[in-house]
Peer 1: 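One structure is given below, represented as structure tokens, and several questions about it will come after.
When a ligand or atom number is given, it counts from 1 through the structure's own listing order. Nothing here was measured: the structure is a model prediction, and the numbers come from that model.
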Amino acid sequence: MLEILKKSLKKAPIVKRGKYPYFIHPITDGVPAIDPKLLDEISDYIIEYCDMNVDRILSIEAMGIPLATAISLKTGIPFSIVRKRQYQLPDEIKISQSTGYSKGELYINGVEKKDRILLVDDVISTGGTLRFLVKALEKKGVTISDIIVIVGRGDGVQQLAGEGIRVKTLVDIAVSEDGVSILEDTGETN
Ligand SMILES: O=P(O)(O)OC[C@H]1O[C@H](OP(=O)(O)OP(=O)(O)O)[C@H](O)[C@@H]1O
Ligand SMILES: Nc1nc2[nH]cnc2c(=O)[nH]1
């Protein structure tokens, strides 16, 4: 299961962002190139294992975009992107984003109160991004059917679980300066 994803992650190069060992992979960075077979494998898996009875798929700029696109094309469900850019639309919600290596703002548009959504992202590390996003969506009255993230690293999934936020991952990894290793059978959906 998910053989293309696992094989490609094992080959991911590492660069340092400050002290943070940052892995580079097509699904989390778009480089060197996204193999459509990889996107096909991932989107098929998500459609099979997630509650797809939703009004909308919601994902986060930048690397949530290809994932949401693939799932949308296969299911006919529309998608919205949480952007790093402000639009100043009347119902726009601003949230803070803080990862292991960056800080910024995210802007939610395109979701309605009472919408049922599937939340999809490429990677979870500290869990900081999803924590703020989920809280803002719940405050607005949006129902989240599932939160699905392709790659889990660090303790973000456990942190959020302790706060009642359940995140499913396809594959969990450990990252060091030497490379990526796959933590077998720890992904929530496998
Ligand atoms: O669990 P966390 O520590 O919050 O990290 C996870 C976030 O990091 C990445 O975002 P990034 O801002 O790097 O986005 P991009 O590369 O997709 O633009 C990823 O897309 C998540 O949104
Ligand atoms: N590509 C990539 N995205 C991340 N988001 C949080 N941590 C990482 C990482 O190590 N690599």
Side-chain angles (χ1 to χ4, degrees), residues 5-35 38-39 42-43 46 57-71 79-86 93-109 111 117-137 144 146-183 186-188:
L5 175 63
K6 289 180 185 171
K7 199 172 163 194
S8 57
L9 275 166
K10 285 179 194 161
K11 293 192 290 196
I14 310 294
V15 290
K16 289 297 277 299
R17 285 196 162 183
K19 289 190 173 158
Y20 188 87
Y22 180 97
F23 71 95
I24 302 172
H25 182 268
I27 286 299
T28 54
D29 298 277
V31 297
I34 303 180
D35 178 353
L38 172 60
L39 211 44
I42 289 170
S43 50
I46 291 174
I57 300 155
L58 187 67
S59 203
I60 307 171
E61 178 184 356
M63 291 314 298
I65 297 174
L67 301 168
T69 307
I71 301 165
F79 67 95
S80 283
I81 302 298
V82 176
R83 296 295 309 266
K84 294 180 179 176
R85 172 185 302 171
Q86 184 170 22
I93 303 168
K94 176 181 171 179
I95 56 169
S96 300
Q97 186 191 30
S98 171
T99 70
Y101 51 86
S102 67
K103 278 194 187 344
E105 270 82 46
L106 294 173
Y107 298 89
I108 309 171
N109 285 287
V111 286
I117 63 149
L118 171 74
L119 194 50
V120 184
D121 205 8
D122 57 327
V123 55
I124 177 168
S125 178
T126 64
T129 305
L130 280 174
R131 176 183 290 113
F132 283 117
L133 179 55
V134 168
K135 287 191 175 154
L137 290 168
I144 302 171
D146 263 321
I147 306 170
I148 187 90
V149 178
I150 311 309
V151 181
R153 69 167 287 183
D155 65 354
V157 171
Q158 286 76 21
Q159 292 278 342
L160 294 188
E163 298 167 32
I165 301 170
R166 181 164 180 253
V167 177
K168 296 179 179 176
T169 54
L170 269 56
V171 65
D172 288 336
I173 61 169
V175 184
S176 73
E177 288 177 28
D178 300 329
V180 168
S181 48
I182 308 284
L183 305 175
T186 54
E188 269 273 344

Peer 1: Which label fits Tyr101 and Tyr20: parallel for a plane angle under 30°, tilted from 30 to 60°, or perpendicular past 60°?
Peer 2: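 Correct class here is tilted.
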Peer 1: Quick one, list the residues around ligand 1 where some non-hydrogen atom comes in under 4.0 Å, by chain and residue number.
Peer 2: Glu61, Ala62, Met63, Lys84, Gln97, Ser98, Thr99, Gly100, Tyr101, Asp121, Asp122, Val123, Ile124, Ser125, Thr126, Gly127, Gly128, Thr129
Peer 1: If I take atom CG from residue Leu38 and atom NZ from residue Lys7, how far apart are they, to the nearest 0.5 angstrom?
Peer 2: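 The distance works out to 12.0 Å.
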Peer 1: Under 4.5 Å between any side-chain heavy atoms of Leu170 and Ile46, yes or no?
Peer 2: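 SC-SC contact between Leu170 and Ile46 confirmed.
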Peer 1: Check whether any side-chain N or O of Glu61 sits under 3.5 Å from a backbone N or O of Lys84 as a donor-acceptor pair, and report yes or no.
Peer 2: yes
Peer 1: Assess whether a salt bridge exists between Arg153 and Asp172, defined as any Lys/Arg side-chain N lying under 4.0 Å from an Asp/Glu carboxylate O.
Peer 2: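 Judged by the 4.0 Å cut-off on N to carboxylate O distance, Arg153 and Asp172 do not form a salt bridge.
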Peer 1: Should we count NZ of Lys19 as having more than 12 external heavy atoms under 6.0 Å?
Peer 2: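 No, the 6.0 Å shell around NZ holds no more than 12 heavy atoms from other groups.
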Peer 1: Hey, could you give me the CG/CD1 distance between Leu9 and Ile173, rounded to the nearest 0.5 Å?
Peer 2: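 Nearest 0.5 Å value for the CG-CD1 distance: 5.5 Å.
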Peer 1: Could you measure the distance from the CD1 atom of Ile150 to the CD1 atom of Ile42? Nearest 0.5 Å is fine.
Peer 2: 5.0 Å
Peer 1: Return the minimal non-hydrogen interatomic distance between Thr28 and Met63, and the atom names on each side.
Peer 2: O-CG, 3.1 Å
Peer 1: Heavy-atom cut-off of under 4.0 Å around ligand 2: list whichever protein residues fall inside it, by chain and number.
Peer 2: Tyr20, Pro21, Tyr22, Phe23, Thr28, Asp29, Tyr101, Val123, Ser125, Arg153
